[in-house]
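Have a look at the structure below before the remarks.
All values reported here derive from a predicted model rather than from experimental measurement. Whatever order the structure lists ligands and atoms in, that order sets their numbers, starting from 1. Counting begins at 1 with the first residue of the sequence.
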Amino acid sequence: MDHSSVSLPPTKAHLPYDVASGEAAPFVSIVVPCHNEAENLPALYARVRAVLDGIAVSWELICVNDGSQDATLPGLIRLQQQDARVRVYDLSRNFGKEAAMSAGLDQARGEVIIPLDADLQDPPEVIPDLIAKWREGFDVVNAVREARDGEGWLKRTSAHVFYRVINRLSAIDIPRDTGDFRLLSRAAVEALRQMPERRRFMKGMFVWVGFPTASVPYRRASRHAGRTNWNYWGLWNFALEGITSFSQAPLRIASYIGLLVALLSLFYALFLIVRTMAFGNPVSGYPSLMVAILFLGGVQLVALGVIGEYVGRIYEETKQRPIYIIRRSWAADTAAKDDQDEQQA
Ligand code: UDP
Ligand code: MG
């Protein structure tokens, strides 16, 4: 959905936090979920600072430590002590990237908000282009990968299949080659924050909220340091998450398969009746009986499994647990905003 020809005025939303304290909100909030990223932090900070100071905008760097086991937290606190524009929120354990990002979005105060990976795979140098598009009036500006350096064909192929499947099965259209790196206007973030789900499939949620959307191409780099937190099992589960969060097609497919099997057995039954009446009934047919029983059993188990996936998710949503828990924050002026409000109880 590209509106490159129209020009809309930038969305100006109210800034709920800083009015009271009299403090000016920064213009840009960079939101970084960090899980074992100690080696990347100095470079991340240096590059973000160079880019944003380069275009002379006020900014804050929101870092959410997502239960790292390495020196990420001390590293973040050190950055915060050097530069008060860095704000650090420490989650009580590892909640996963999507939850960590939700925490960061909840704390962000800027007029434009940009989620960024800590590993510098999303180059901060693209940010001025994103902001330029926002100034043209777009609420959401996707950064779209032109090339994927340092990713094998297996990852590329599985990503391709993933987008094909999810866009076929769901009502939303998730743009290809777009990660979480994008610009969101304040209005878009407020819309996201209204979404109460516990299982947060951000890629889909960003699209679901709508808003005028543009895209800017960029070259996705290899990880600056460290190892990716994903493996193929993780990616598989991520894909399942996406499909079940945004589509009920698997349930429908299960019922169609059931219907098909029922129809086939009906025809088979008719055939058996006719054959018995014509040729009598010598006791045979054990193999066909077994095949039918096993096949039906298999189909039923698959359908049950699909239903189970959804029931499990319903169960988790009904528990109404917070999406994340902030253990402590290090931020110059305000403490972490009141928890009850923040975690969208
Ligand atoms: N991340 C996180 N919590 C997790 C896993 C990852 O906050 O449980 C962060 C990680 O620190 C990084 C971003 O999410 O900033 C993307 O992770 P990664 O680079 O491992 O994923 P990939 O780029 O391979 O998709
Ligand atoms: Mg990465």
Side-chain angles (χ1 to χ4, degrees), residues 29-45 47-48 61-76 79 86-108 113-124 126-127 142-145 147-160 162-163 174-182 198-206 218-239 241-242 323-327:
S29 297
I30 308 289
V31 173
V32 187
C34 307
H35 179 68
N36 296 342
E37 301 282 6
E39 297 156 76
N40 292 318
L41 296 177
L44 172 78
Y45 167 73
R47 279 173 66 180
V48 166
L61 180 63
I62 302 219
C63 301
V64 180
N65 177 40
D66 186 20
S68 300
Q69 279 120 28
D70 66 354
T72 298
L73 183 62
L76 287 175
L79 282 182
V86 178
R87 304 165 76 86
V88 179
Y89 299 90
D90 185 30
L91 300 189
S92 60
R93 62 171 170 84
N94 179 258
F95 279 86
K97 177 183 182 181
E98 318 269 312
M101 189 166 5
S102 300
L105 292 180
D106 285 344
Q107 298 300 331
I113 293 99
I114 302 174
L116 197 70
D117 278 3
D119 56 11
L120 290 166
Q121 281 193 288
D122 313 325
V126 181
I127 292 172
N142 294 331
V144 178
R145 296 169 202 140
R148 290 172 166 234
D149 293 356
E151 282 183 1
W153 72 268
L154 189 57
K155 182 148 185 194
R156 283 200 309 271
T157 316
S158 49
H160 177 76
F162 168 72
Y163 286 111
I174 297 179
R176 295 215 37 170
D177 291 327
T178 305
D180 295 325
F181 184 28
R182 65 189 74 206
R198 319 285 113 168
R199 308 283 291 245
R200 300 178 83 75
F201 183 69
M202 283 294 194
K203 260 184 202 302
M205 292 167 65
F206 284 140
Y218 78 104
R219 256 188 105 77
R220 187 156 170 91
S222 306
R223 247 180 177 277
H224 179 74
R227 274 189 311 122
T228 173
N229 290 291
W230 292 102
N231 51 38
Y232 281 100
W233 180 243
L235 280 179
W236 167 249
N237 284 318
F238 183 71
E241 193 64 57
I323 297 161
Y324 57 83
I325 291 169
I326 295 180
R327 182 183 78 90

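Remark: ligand 1 atoms within the under-4.0 Å shell around heavy atoms of Gln121 are 19 (O), 22 (P), 23 (O).
Side-chain atoms of Asn40 and Asp119 include no donor-acceptor pair closer than 3.5 Å.
Both the backbone and the side chain of Asp117 come within 4.0 Å of ligand 1, counting heavy atoms alone. Counting heavy atoms closer than 4.0 Å to ligand 1, residue Asn94 contributes side-chain atoms (C-beta onward) but none from N, CA, C or O. Of all the heavy atoms of Cys34, the ones lying under 4.0 Å from any atom of ligand 1 belong exclusively to the backbone. The proximity of Met101 to ligand 1, defined as any non-hydrogen pair under 4.0 Å, does not occur for either the backbone or the side chain.
Comparing heavy-atom distances from atom 14 (O) of ligand 1 across Glu37, Lys97, His35 singles out Lys97 as nearest. Counting heavy atoms only, Asp66 comes closest to atom 4 (C) of ligand 1 of the residues Thr72, Leu44, Asp66. The residue from Asp180, Leu91, Asp119 that puts a heavy atom closest to atom 19 (O) of ligand 1 is Asp119.
The Mg ion (ligand 2) lies under 2.8 Å from an N, O or S atom belonging to Asp119.
Going from atom CD of Glu98 over to atom CD of Glu241 covers 8.0 Å, rounded to the nearest 0.5 Å.
Inclusion of Ala118 in the set of residues having an N or O under 3.5 Å from an N or O of ligand 1 is warranted. Inclusion of Pro33 in the set of residues having an N or O under 3.5 Å from an N or O of ligand 1 is warranted.
No option in Asn94, Thr72, Asp66 other than Asn94 meets the side chain to side chain donor-acceptor pair (under 3.5 Å) test with His35. Of the candidates Leu105, Val88, Leu91, Leu91 is the only one forming a side-chain contact (heavy atoms from CB on, under 4.5 Å) with Val64.
Both tests pass for Arg93 against the ring of Phe95: distance under 6.0 Å to the centre and angle within 45° of the axis.
A donor-acceptor pair is defined here as one N or O able to donate and one able to accept, closer than 3.5 Å; no such pair exists between the side chain of Asp117 and the backbone of Asp122. In this structure, the side chain of Asp70 engages the main chain of Ala38 through a donor-acceptor pair within 3.5 Å.
Ring geometry for Phe238 versus Phe201: interplanar angle of 30 to 60°, hence tilted.
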